[in-house]
Amino acid sequence: MKQIYFIINPKAKNGYCLNVWKKVETKLMEDKIPYLAFFTEYPGHAIKLASQIAANNHEQKVIIAVGGDGTISEVVNGIVEYNNITLGFVPGGSGNDFSRGFQIPSDPEESLSVILRLIKKESAIIDIGKVTMKDESQHYFINNMGAGFDALISYEVNHSKVKAWLNKLSLGRLVYVYFLLKKLFSYKCTTIDLSIDGSRHILEQTWFVTVSNQPFYGGGMMIAPDAVTDDGLLDITVVHSLSKLKLLLVFISVFWGKHVKFKEVKTFRGRMVSIQSSSFLYVHADGEDIGYTPLNIHVQTKTLKVLTRVGSMRETVLK
């Protein structure tokens, strides 16, 4: 079996992730599975840890992130330049959209059992997205990125004590609803200049643009119901020119992927995306703040090996 490394974020879900890790650790010891474990100590630490593990030698290894989507996003950014790493995930955060999209169980022991079985099989190879900011800094995402209202919500969530309070009550996913309602009536829409594979779209009164590699974001919202992680394309969703009250209807319907039926929701697919705006907009990648518009996005085809129960991404979406 390949050498297994765990990168654990002890602060994920207000410290609940430590309980997740204890269950995983107990099962590893019971099954006598050899492993090495590292704990993150500050934001961005998982990038450094993952990069160091990958660079240590050229042997094939498995890195399993234990935490939330932010943790796995950091690991992705740490291993993207290496081809000797297979990525796994034990969900221990609030949203866990990666595990939802890649069909990894939420229960710690069950997710570990699935991962240990998948290690013995051939790994799936998926696409990821690369965001290049105005200052030429680059950020990679495995789930999605967004600019506008959804990125503002992510920013507020990441800088609020409300999330920790709701996590204590096991209601962490409601934090997105809380800040959406809080910011809805004060948010000012803007004009977006969107370019997709050279085709230009000017969209006025835009709430947000989301570029997706898989269907889920924001703790279970199916923002891009047709997104497939191995098709060489990114799915773009734009919400514009609708009232604040109607946005609430769109928000409710997004959990079932029905928002795409609204005429104010535009969907596109492409390999290269450019987003410019009439005013600076917050930008997130996998729910983490990365700066402001303008920016460019490119799909990185067949870049990352992952442990997933989704045999054929395309067939699963069609079903």
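Quick note: residue numbers are just sequence positions, from 1.
Listed by first then second residue, pairs satisfying side-chain hydrogen bond (donor to acceptor under 3.5 Å, both in side chains) with a partner in residues 210-220 read Asn143-Gln214, Asp150-Thr210, not counting sequence neighbours. Pairs of residues two or more places apart, or lying in two chains, never qualify as salt bridge (charged side-chain N to carboxylate O under 4.0 Å, His left out) while including a residue from residues 70-80.
Using a 4.5 Å heavy-atom cutoff, the side chains of Gln60 and Lys305 are in contact. No side-chain heavy atom of Val239 sits under 4.5 Å from any side-chain heavy atom of Val209. A heavy-atom distance below 4.5 Å is found between the side chains of Pro105 and Arg309.
Just one of Phe38, Phe39, Trp21, Phe89 meets the ring pair (Phe, Tyr, Trp, His ring centres under 6.0 Å) condition when paired with Phe6; it is Trp21.
Between the CZ atom of Phe149 and the CH2 atom of Trp207 there is a distance of 5.5 Å, given to the nearest 0.5 Å.
Between Asp226 and Arg269 no salt bridge is recorded (no basic side-chain N to carboxylate O distance below 4.0 Å). Using a 4.0 Å cut-off between charged side-chain N and carboxylate O, Asp127 and Lys302 make no salt bridge.
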Starting from the C-alpha separation in whole Å, work towards a yes-or-no answer on ring-ring contact (aromatic ring centres under 6.0 Å, His included) for Phe268 and His201. CA-CA 11 Å; Phe268 310 89; His201 308 268; 4.5 Å; yes
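Between Phe262 and His259, the distance separating the two ring centers is not shorter than 6.0 angstrom.
Distance alone, capped at 3.5 Å, places no donor-acceptor pair between the Lys258 side chain and the Phe255 backbone.
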